Amino acid sequence: MLTADDVETATDCVVEALRPAVDADWGVPAGSIEWSCRKTAEHIGQANLHWASQLAVGARTQYVRWSAQAQPLAPPAGVLDFVEAAGRILALVVRASPARTRAFHPWGIGDPEGFAGMACVEWLVHGQDLAEGLGCVLEPPAELCDRVLTRLFPHEPRVVDEPWPELLRLTGRTAGAPESWKWRPTPLGEPWDGAPVPEPMPFTPLSAAG
């Protein structure tokens, strides 16, 4: 079971790891991905706020149409505050959402637990991208990573024994990654074929996983 407490744990873990680097250059690449550290951090915040909106209104067919970002002149400390606030907001919405709530994500209709799990992946995996780019060390709880794998990746066979390295492998960060991957937002007891859910009107999501 993944909960609002897990979103807060993931938020705390990444923010604490990155806080010592607020005086660094966040324009450098974030690990092995193409984005800068600033853009990657803003993406975490945007994803969390979008998912909070999805749950808040029970948006079943598309994303709620809005966007957010840190102010253009905000220093890294301000960007990190924006990202942390987004995580806290999502945790509040997950905690307040009835278990029956369902909302749209391109990879399937999710419940509050699914959105909490997706947020944990965003925080931890992109947090690792940021940590690599900024010279920090991120060490998330193995127990949290294990529950994220169980809830979001039940369709993927585990190859690596340790949950955190396995989560990084499944999301394309280390050797042996699958050619393509997606997580499962849909509750385990409900039908899910893994195919993208089409939106009724054109929309460019924040990223392939956003």
Side-chain angles (χ1 to χ4, degrees), residues 1-22 30-33 37 40-41 43-49 51-52 55 79-97 99 105 107 110-178 181-188 209-210:
M1 181 72 177
L2 293 165
T3 68
D5 289 346
D6 294 314
V7 178
E8 292 181 334
T9 295
T11 301
D12 289 339
C13 182
V14 173
V15 170
E16 290 172 7
L18 300 181
R19 187 68 71 184
V22 293
S32 61
I33 65 176
C37 287
T40 301
H43 169 76
I44 299 172
Q46 290 165 346
N48 277 252
L49 290 173
W51 295 338
L55 288 174
V79 175
L80 192 57
D81 286 344
F82 162 72
V83 179
E84 180 179 2
R88 306 294 180 204
I89 290 169
L90 177 58
L92 289 170
V93 175
V94 169
R95 188 169 285 118
S97 297
H105 183 274
W107 288 351
D111 64 346
E113 182 186 19
F115 279 93
M118 291 190 291
C120 288
V121 175
E122 285 287 321
W123 272 106
L124 299 180
V125 174
H126 281 313
Q128 178 63 21
D129 295 332
L130 289 164
E132 290 181 11
L134 297 170
C136 301
V137 177
L138 179 64
E139 297 180 346
E143 187 269 341
L144 172 58
C145 296
D146 184 65
R147 287 188 290 111
V148 167
L149 289 168
T150 298
R151 173 58 180 82
L152 292 191
F153 298 94
H155 50 287
E156 295 284 359
R158 296 200 191 187
V159 173
V160 180
D161 290 337
E162 294 297 321
W164 175 223
E166 176 67 352
L167 182 58
L168 292 175
R169 184 192 70 81
L170 277 176
T171 53
R173 266 60 181 185
T174 59
W181 61 272
K182 57 173 59 71
W183 55 49
R184 176 186 174 129
T186 307
L188 299 183

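Please read these numbers as outputs of a predicted model, since none were measured by experiment. The figures that follow rest on heavy atoms only: side chains count, while hydrogens, waters and symmetry mates do not.
- Here Leu152 contributes atom CG and Thr171 contributes atom OG1; the two are 11.5 Å apart, rounded to the nearest 0.5 Å.
- Ring geometry for His105 against Trp183 counts as tilted: the plane angle lies between 30° and 60°, on a 0 to 90° scale.
- In this structure, Pro112 and Val94 approach most closely via the heavy-atom pair O-CG1, 4.0 Å.
- Checked for salt-bridge contact, Glu132 and Arg173 miss the test: no charged N lies under 4.0 Å from a carboxylate O.
- For Leu134 against Leu18, the heavy-atom pair with the smallest separation is CD1-CD2, 4.2 Å.
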- Verdict with supporting geometry, Cys136 and Leu130, side-chain contact (heavy atoms from CB on, under 4.5 Å): CA-CA 8 Å; Cys136 301; Leu130 289 164; over 6 Å; no
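- Note that the CD atom of Glu16 and the CG atom of Leu138 stand 10.5 Å from one another [nearest 0.5 Å].
- Applying the side chain to side chain contact (heavy atoms under 4.5 Å, CB included) rule to Ala52 yields the partners Ile89, Leu90, Val93; only residues at least two apart in sequence or on another chain are considered.
- Residue Arg169 comes nearest to Ala177 through the heavy atom pair O-CB, 3.2 Å, listed as atom of the first residue, atom of the second, then distance.
- One finds the CD1 atom of Ile44 at 5.5 Å from the CH2 atom of Trp123 (value rounded to the nearest 0.5 Å).
- In terms of modelled atom types and a separation under 3.5 Å, the side chain of Arg184 and the main chain of Trp107 share no donor-acceptor contact.
- Residues passing the side chain to side chain contact (heavy atoms under 4.5 Å, CB included) test with Glu156 are Phe153, Leu170, Trp181, sequence neighbours excluded.
- With sequence neighbours left out, Thr150 forms a side chain to side chain donor-acceptor pair (under 3.5 Å) with Arg158.
- Shortest non-hydrogen contact noted between Leu149 and Pro163 is CD1-O, 3.6 Å.
- Between the CG atom in Leu55 and the OG atom in Ser97 there is a gap of 4.5 Å [rounded to 0.5 Å].
- Looking at every heavy atom in both residues, Pro140 comes nearest to Leu124 through CB-CD2, 3.7 Å.
- Qualifying salt bridge (charged side-chain N to carboxylate O under 4.0 Å, His left out) partners for Glu143, counting only residues two or more places apart in sequence or in other chains: Arg147.
- Glu166 contributes a side-chain N or O that, together with a main-chain N or O of Val159, makes up a donor-acceptor pair within less than 3.5 Å.
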- Message: side-chain contact (heavy atoms from CB on, under 4.5 Å), that's the test. Do His126 and Val14 meet it? Break it down for me.
- Response: CA-CA 9 Å; His126 281 313; Val14 173; over 6 Å; no
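- Here the options are Leu2, Thr3, Val7, the test is side-chain contact (heavy atoms from CB on, under 4.5 Å), and the partner is Asp5; only Thr3 passes.
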- Task: Apply side-chain contact (heavy atoms from CB on, under 4.5 Å) to the pair Val83 and Val15, showing each step before the final yes or no.
- Result: CA-CA 9 Å; Val83 179; Val15 170; 5.9 Å; no
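- In terms of the salt bridge (charged side-chain N to carboxylate O under 4.0 Å, His left out) criterion, residue partners of Arg88 (sequence neighbours excluded) are, by chain and number, Asp12, Glu84.
- Between the side chain of Asp146 and the main chain of Ala142, no donor-acceptor pair closer than 3.5 Å is present.
- In this structure, Ser32 has no side chain to side chain contact (heavy atoms under 4.5 Å, CB included) partners at least two apart in sequence or on a different chain.
- To the nearest 0.5 Å, the span separating CZ on Arg151 from CG on Asp6 amounts to 12.0 Å.
- A pairwise comparison of heavy atoms in Gly45 and Phe82 identifies CA-CE2, 4.0 Å as the closest pair.
- Side chain of His155 to main chain of Lys182: a donor-acceptor pair is present (N/O by atom type, distance under 3.5 Å, no hydrogens or angles).
- Between the SG atom in Cys120 and the CD atom in Glu8 there is a gap of 10.5 Å [rounded to 0.5 Å].
- Shown here are the side chain to side chain contact (heavy atoms under 4.5 Å, CB included) partners of Pro20, two or more places apart in sequence or in another chain: there are none.
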